[in-house]
Number of protein chains: 2
Amino acid sequence: MPPHQLGRPTLASIAAAAGVSLPTVSKVVNGKADVAPTTRAHVQQLLDQHNYVPVTRRPAEDLLVDVVFTALDSPWAVEILRGVTESGLEVVVSSQSRTSDVDWVQALVAGGRRGALVVTSRLTAADQRRLGRSRLPVVVIDPVDMPGQDVPSVGATNWAGGLAATEHLVELGHRRIAVVGGPQAYLCSRARIDGYRAALERAGIAVDPALVVHGTFRHQGGYDQAQSLLALPDPPTAIFAGSDEQAFGVMEAARQAGLSVPDDLSVVGFDDLPMARWSSPPLTTVCQPLADMGRMAGRMLHDLIDGRVLGSQRMELATHLVTRASTAPPRR
Amino acid sequence: MPPHQLGRPTLASIAAAAGVSLPTVSKVVNGKADVAPTTRAHVQQLLDQHNYVPVTRRPAEDLLVDVVFTALDSPWAVEILRGVTESGLEVVVSSQSRTSDVDWVQALVAGGRRGALVVTSRLTAADQRRLGRSRLPVVVIDPVDMPGQDVPSVGATNWAGGLAATEHLVELGHRRIAVVGGPQAYLCSRARIDGYRAALERAGIAVDPALVVHGTFRHQGGYDQAQSLLALPDPPTAIFAGSDEQAFGVMEAARQAGLSVPDDLSVVGFDDLPMARWSSPPLTTVCQPLADMGRMAGRMLHDLIDGRVLGSQRMELATHLVTRASTAPPRR
DNA sequence: CTGAAAGCGCTTACAG
DNA sequence: CTGAAAGCGCTTACAG
């Protein structure tokens, strides 16, 4: 047990306990060379015993930044994280619960954070006010709804992605094409569905409202909605699934219905997560450059931290279709 | 452009520029109440302009810790991260390249880190020496090779998992059971294969060396090795794939060979990543409690930071078989 | 190798 | 609201 000691230990108190001068303790703490081995060992022991932590630190040369996820439960998250860490920022992983904290912003400042990256999440007006006051820059990745004009954000070209996915199916000869969107409130989901509509209209195919349904972006949502769609009197021959995870749910529903992908049903995802390559058959999907989006958001945040002005408050990175084996012309 | 200024700004230099006293600037920086709004605004503007960052910070009340991944490229990583963040530590994501830095340990200390978590990676003897000198505690998760006696680590019961996977296949009636391990050097892979052997021996089945092969734990490895195995004169009726990702590779090789899973070939994975539920058919696999491992490692690190003694230097968390739809009795 | 002394950046009563 | 003054925790030449 450490000897009785009021308050946290200081260099002075350790020096007194060790019977050496304060500068000597400072040298041990900082790993300077000019200390006798025995002295160093003795002082170090006292430091450990008292659990010494310096009360002042050198200013962080590294740019410590929080990245806030709604939940750390999707393979999504790693992709974005990877991008962010490649932008030269030091990234602290944080989850939603933290922002709901009354003094989230104050906690950021106290923790030495230089900014924050918020992923697929809403910033309340209160958050924005506090952030403004603290001068902490924030960038939002893939915002759920349209962020205020003055909140910098990074997204993907969702509309173009929905268009490309659907045109691919049209070109293969499909006419009965369904779409399973994400939650209706999500901006990105709406853009993808609008892209789907645009492709059908361009091809002169009427949009059948029965073939436009909403899931959750998760596996179960795709599974449930595909079951309903496949039970229709005139079922679709192709489904644009809105997300990769949802596409896997659609494929499972097809398998259970005794349908083969892509012979009986074509499936297109959205995201191009690493595992899109790993399904059987490998998934045709719209590549959303998640790592690049993370990197871009990191770079924007970095600029803001350094006091540079952003070229644009809103950046949308290009999506593109990756054709694999889950799509084929319809039977007959 | 900020006026010419040598060195980083200090409270004093800002005070001079703003024409107020140093204490007033201090109050603005710390958000104290007793400053006139106009004064505050004026000072704040100067602080922004000069990009002021305090040179001393309050000691972090939060326990900032680095978690080091070999590469942030596997769905694995999120699971572990999730566990760690739930252990009450503030987690900075870092990747291997950082540890190879000559003064990695010094960078940790300078960055205010209180410890580190190293995932599936080796600590060199030099690292260990430096860590020891700096008194920075480290915990290793799923070490590649046996860590030194004095390096705390967390793993899973890999041998028991290999045993359970193989016994499941034996019970279904399989006799020709192959295993695709990970890289030979990996401790966890060797334990899983030894569990496989033990199960066969218990069932009185001779181990056929042709059915024991090594992959990479990645998709391609499973695919390649399964192709070779299925081309054997007397091919296996079941494959224990060593990892989930590898299992997906095996399933794809089966599909391309015109084999149906599980009717023609049973496949068992290892990990139980979220996506094991999403394959078609859903994957039977050995659940490795990655999030729990992360949480446990975080807790151990927390104990070490607080100067508590660990109950045990090595913790192995239980694995268990999750039976889904990729396994069935062999044909005939 | 050690430590007295000067000094740095900041905070905190407290007098006005 | 403002700031002179005291003080805190630490670092850094530098003399011995």
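Below, chain A is the first sequence line, B the second, and so on; all start at residue 1.
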Q: Tell me which nucleotide among dT2(D), dT12(C), dT12(D) gets nearest to the side chain of Lys32(A).
A: dT12(D)
**Q.** Residues which pass side chain to side chain donor-acceptor pair (under 3.5 Å) with Thr157(A), listed by chain and number, not counting sequence neighbours
**A.** Thr319(A)
Q: For Pro137(A), check side-chain contact (heavy atoms from CB on, under 4.5 Å) against everything at least two apart and list the hits.
A: Leu301(A), Leu304(A), Ile305(A)
Could you give the side-chain donor-acceptor pairs of residues 290-300 of chain A under 3.5 Å, partners two or more places apart or in another chain?
residue	atom	partner	partner atom	Å
Asp292(A)	OD1	Arg295(A)	NH1	3.0
Arg295(A)	NE	Glu86(A)	OE1	3.0
Arg295(A)	NH2	Glu86(A)	OE1	2.8

Q) Reading DNA chain C 5' to 3', how would its secondary structure be written in dot-bracket notation, given Watson-Crick and G-U pairs with both distances under 3.5 Å, brackets [ ] for crossing pairs and | for partners on other strands? A) |||.||||||||.|||
Q: Applying side-chain contact (heavy atoms from CB on, under 4.5 Å), name anything that partners Val67(A), two or more places apart in sequence or on another chain.
A: Phe69(A), Leu81(A), Val91(A), Leu117(A), Val119(A)
**Q.** Any Thr39(A) side-chain nitrogen or oxygen under 4.0 Å from OP1 or OP2 of dT2(C)
**A.** yes
Q) Whole Å only: how far is the CG atom of Leu11(A) from the P atom of dG7(D)? A) 20 Å
Q.
Output the rounded distance in Å from CG (Asp34(A)) to P (dT11(D)).
A. 14 Å
Q.
Among residues at least two apart in sequence or on other chains, which ones pass side chain to side chain donor-acceptor pair (under 3.5 Å) with Gln288(A)?
A. Asp271(A)
Q: Report the residues that fulfil side-chain contact (heavy atoms from CB on, under 4.5 Å) with Thr39(B), sequence neighbours left out, ordered by chain and then residue number.
A: Val20(B), Thr24(B), Val35(B), Ala36(B), Val43(B)
Q. Listed in order of residue number, which residues of residues 18-27 of chain A have a non-hydrogen atom at under 4.0 Å from DNA chain C?
A. Val20(A), Ser21(A), Pro23(A), Thr24(A), Lys27(A)
Q: Identify, with sequence neighbours excluded, every residue that meets side-chain contact (heavy atoms from CB on, under 4.5 Å) alongside Ala318(B).
A: none
(Q) So which atom in Ser189(B) and which in Gly182(B) form the shortest heavy-atom distance, rounded to 0.1 Å? (A) OG-N, 2.9 Å
